[in-house]
Amino acid sequence: MSEQQQGKGQQQGKGQQQGKSGGKGDAFVTAITSQAEDYSRWYLDVVLRAELADYTPGLKGCMTIRPYGYAIWERIQLLLDARLKATGHVNAYFPLFIPESLLMKEAEHVEGFAPEVAWVTHGGKEKLEERLAIRPTSEVIIGTMYAKWLQSWRDLPILINQWANVVRWEKVTRPFLRTTEFLWQEGHTVHETEAEAEEETRKILGVYKEFVETELAMPVIDGQKSDAEKFAGAAKTYSIEALMGDGRALQAGTSHNLGQNFAKAFDIKFQGRDKVEQHAWTTSWGVSTRLIGGLIMVHGDDSGLVLPPNIAPYQVVIVPIPRGDWRETVLPHAQAIKAQLVAAGVRVMLDDRDAYTPGWKFADWEMRGVPVRLEIGPKDIEKQQVVLARRDTREKAFVAMDGLVAHVQGWLADIQASLFAKAQQVREERTHYTESYEEFKALMAGTRPGLVYAPWCDDATVEAQVKTETQATIRNYPFVAPPAEGKVCFVTGRPATVVACFAKAY
RNA sequence: CGGGGCGUAGCUCAGCCUGGUAGAGCGCUCGCUUUGGGAGCGAGAAGUCGCAGGUUCGAAUCCUGUCGCCCCGACCA
């Protein structure tokens with residue numbers, strides 16, 4: 001019982017132990033920089049040490065997603081894909097390449113993406129007649145196909161999603177948050193009316209919000225993007241925005257109402273109920289591997305990753321305590337427990353590696369964010385119990401073997417809920433409302449700036465000025481916000497038309 | 001793309017200033033003892049010094065270029 005020393009001394013991941021002096025509270029974590037010391041390095045340390053991703057020698061800005069990181073992505077795929085299917089969408093796959101002539105068709109779109117498009121100029125040794133863009137997003141190629149398929153209003157709506165990789169030639173990259181190549185899903189739909197396209201756009205944003213909050217336990221702000229921040233070629237863009245541990249915002253998903261812009265550029269037309277040929281209304285929407293970056297930063301602490309049970313590749317890690325011929329005496333019990341948990345639908349890792357001590361395994365799986373650790377040793381077997389330990393609160397408990405599965409499931413549900421509640425509380429603490437630009441500047445100059453709501457005159461010039469002066473950008477115009485009526489813009493003093501949410505962003 | 005920093009064993013780094021042919025700790029392999037919060041002892045393997053040129057009798061070390069990573073800006077769904 002002497003292993004109670006580490007206690008539960010940490011709350012929001014404030015600077016905890018540094019792990020160099022070998023005292024008591026700092027028995028683990030020597031490999032990860034503390035958040036307080038350097039948040040960026042903390043983030044990179046977690047990504048690398050938890051083996052989520054790794055750099056690829058000689059290849060700039062691209063990461064290899066390692067099995068443990070990819071397993072998280074697979075959970076995201078599984079859980080989101082089910083929701084997209086449930087709302088009537090089907091999956092398909094479109095080509096990676098986009099002929100230059102096609103890409104040029106939508107002017108605003110081209111201009112928006114031109115700086116980050118990668119080009120293929122040769123096939124083997126021969127120079128291509130026409131350059132091929134590697135898709136930075138697939139509106140163009142998918143729109144081209146839709147134009148081919150669509151004839152009648154009876155063909156509508158078209159509701160297709162694809163899981164794919166895209167490439168954007170970014171100048172500054174960070175694993176998961178911004179990489180040259182990344183994985184995502186992109187939905188592309190076609191509708192008969194403007195209203196239906198708008199409904200779809202908003203519906204998907206709702207799906208994203210519910211998915212991210214329920215499964216990733218990440219509270220998000222849903223709202224509409226300002227014109228300056230909207231997708232190149234869209235009529236309207238909506239987003240969900242999450243607040244990270246360092247007080248900066250992360251765009252976690254976007255949904256675009258493309259109006260008829262792409263329909264006109266790519267000839268997506270149909271004969272309507274009124275027998276008149278007309279352009280369709282399209283939407284597109286996506287979330288990416290960036291969500292993994294968000295997960296790390298919303299829940300992680302100085303010991304590493306903290307994963308919500310719904311998304312964790314392993315929800316429980318079983319660490320058998322070796323004593324004597326433990327493979328004969330302890331391991332069978334561990335295996336039996338694993339079988340029970342697996343039968344109940346719990347994702348379990350039984351760490352029976354000989355080469356590592358229990359203490360080493362504890363620290364290792366903590367760093368990887370496994371929600372619940374289950375220890376079982378000779379003493380426990382005698383008493384018909386196990387030791388359970390929570391990753392998020394570090395709480396430990398002796399739990400009877402009898403009713404163990406239900407107990408574990410209870411813990412998992414509780415961890416999922418409390419991670420969300422805690423993230424929500426942190427966000428509330430760091431969300432402010434102001435009508436004063438001076439106060440706004442002061443807030444943005446803080447170490448963990450957070451979100452600031454303010455009445456706004458909706459002028460792109462002023463938006464640019466605020467960005468220059470404070471580095472803050474408009475994340476979105478939240479659906480849920482104080483009313484703007486009767487208020488004046490906090491920068492210009494002109495009548496406010498909307499309340500905007502500002503933040504420094506990733 | 002601009003400013004700054006860094007590339008030496010799997011990892012963290014020393015060596016570079018003042019050229020003489022590469023080291024430590026951790027990790028890894030083998031053996032024994034261990035194992036309830038990152039185990040101990042013994043033996044061992046491991047590096048084209050990011051890459052390419054140049055100077056030199058001789059380059060990890062000096063010079064030039066280049067690639068990659070990190071930080072700060074600019075740019076960016």
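Chain identifiers are assigned alphabetically (A, B, ...) following the order of the sequence lines, protein sequences preceding nucleic acid strands; residue numbering begins at 1 within each chain. Please read these numbers as outputs of a predicted model, since none were measured by experiment.
Pair assignment for B:G37: none, as no Watson-Crick or G-U wobble contacts are both less than 3.5 Å. Applying the Watson-Crick and G-U wobble criteria (two distances, each under 3.5 Å), B:C6 pairs with B:G68.
Below the 3.5 angstrom threshold, one finds a donor paired with an acceptor across the side chain of A:R373 and the base of B:G37.
Looking at A:R135, its side chain never comes within 3.5 Å of a backbone N or O of A:A164 through a donor-acceptor pair. The closest donor-acceptor contact from the side chain of A:K209 to the backbone of A:V220 lies under 3.5 Å.
Residue contacts shown for A:V172 include a base, since a base heavy atom lies under 4.0 Å away. A:Q251 comes within contact range of at least one nucleobase, with a heavy-atom separation under 4.0 Å. Here A:P378 lies in heavy-atom contact (under 4.0 Å) with a base. Using a 4.0 Å heavy-atom distance criterion, A:E139 is classed as making no nucleic acid contact. A:R49 comes within contact range of the sugar-phosphate backbone alone, with a heavy-atom separation under 4.0 Å but no base atom that close. Base contact: A:P322 has a heavy atom under 4.0 Å from a base atom. At the heavy-atom level, A:R168 lies under 4.0 Å from base atoms of the strands shown. Within the nucleic acid shown, A:D364 comes within 4.0 Å of at least one base atom, counting heavy atoms only. Using a 4.0 Å heavy-atom criterion, one finds that A:T237 contacts no nucleic acid atom at all. At a threshold of 4.0 angstrom between heavy atoms, the contacts of A:G61 are confined to the sugar-phosphate backbone, with no base atom among them. A:Y55 comes within 4.0 angstrom of sugar-phosphate atoms only, judged by non-hydrogen atoms across all strands, and of no base.
Checking B:C71, B:U35, B:G37 against the side-chain heavy atoms of A:A363 singles out B:G37 as nearest. Of the candidates B:C75, B:G68, B:U35, the closest approach to any side-chain atom of A:T357 belongs to B:U35. Taking only side-chain atoms of A:R178, from C-beta outward, the nucleotide of B:C75, B:C76, B:G36 with the closest atom is B:C76. With B:C76, B:G38, B:G68 as the candidates, the nucleotide lying closest to the side chain of A:K60 is B:G68. Considering only side-chain atoms of A:K396, the nucleotide from B:U35, B:G37, B:G36 that sits closest is B:G37.
For the C1' atom pair drawn from B:C51 and B:A60, the interatomic distance equals 14 Å after rounding to whole Å. Nucleotides B:G23 and B:U8 are separated by 10 Å at their C1' atoms, to the nearest Å. For the C1' atoms, the distance from B:U35 to B:C72 is 47 Å, rounded to whole Å. Going from the P atom of B:C62 to that of B:C6 covers 12 Å, rounded to whole Å. Comparing the C1' positions of B:G27 and B:U12 gives a spacing of 11 Å, expressed to the nearest Å. Comparing the C1' positions of B:G5 and B:A9 gives a spacing of 24 Å, expressed to the nearest Å.
A salt bridge links A:D301 with A:R391: at least one charged nitrogen is closer than 4.0 Å to a carboxylate oxygen. For the pair A:E181 and A:R168, the salt-bridge criterion is not met [side-chain N within less than 4.0 Å of a carboxylate O]. The pair A:E241-A:R248 does not count as a salt bridge, with every side-chain nitrogen at least 4.0 angstrom from each carboxylate oxygen.
Rounded to whole angstrom, the span from the CH2 atom of A:W326 across to the P atom of B:A39 amounts to 15 Å. Between the CZ atom of A:R394 and the P atom of B:G37 there is a distance of 14 Å, given to the nearest Å. Between the CG atom of A:D38 and the P atom of B:C70 there is a distance of 12 Å, given to the nearest Å. For the pair A:K467 NZ and B:C76 C1', the computed distance is 8 Å after rounding to whole Å. The separation between A:L44 atom CG and B:G5 atom C1' is 15 Å, rounded to whole Å. B:U29 atom P lies 7 Å from atom OH of A:Y356, rounded to whole Å. Atom CG in A:L177 sits roughly 16 Å away from atom C1' in B:C69 (whole-Å rounding). One interatomic measurement links the two molecules: CG of A:L374 to C1' of B:G37, which rounds to 16 Å at whole-angstrom precision.
The residue among A:W360 and A:L59 whose nearest nucleotide of RNA chain B is located toward the 5' end is A:W360. If A:G286 and A:S40 are placed on RNA chain B by their nearest nucleotide, the residue sitting closer to the 5' end is A:S40.
Here A:Y39 does not reach the OP1 or OP2 of B:C71: none of its side-chain N or O atoms lies under 4.0 Å away. For A:Y506, no side-chain nitrogen or oxygen approaches OP1 or OP2 of B:C76 to under 4.0 Å.
The side chain to side chain donor-acceptor pair (under 3.5 Å) test applied to A:W42 returns no partner, not counting sequence neighbours. Under the rule for a side chain to side chain donor-acceptor pair (under 3.5 Å), the partners of A:H89 that lie at least two apart in sequence or sit in another chain are A:T87, A:E200.
A cation-pi arrangement is absent between A:R368 and A:Y314 under the rule of less than 6.0 angstrom and at most 45 degrees off the ring axis.
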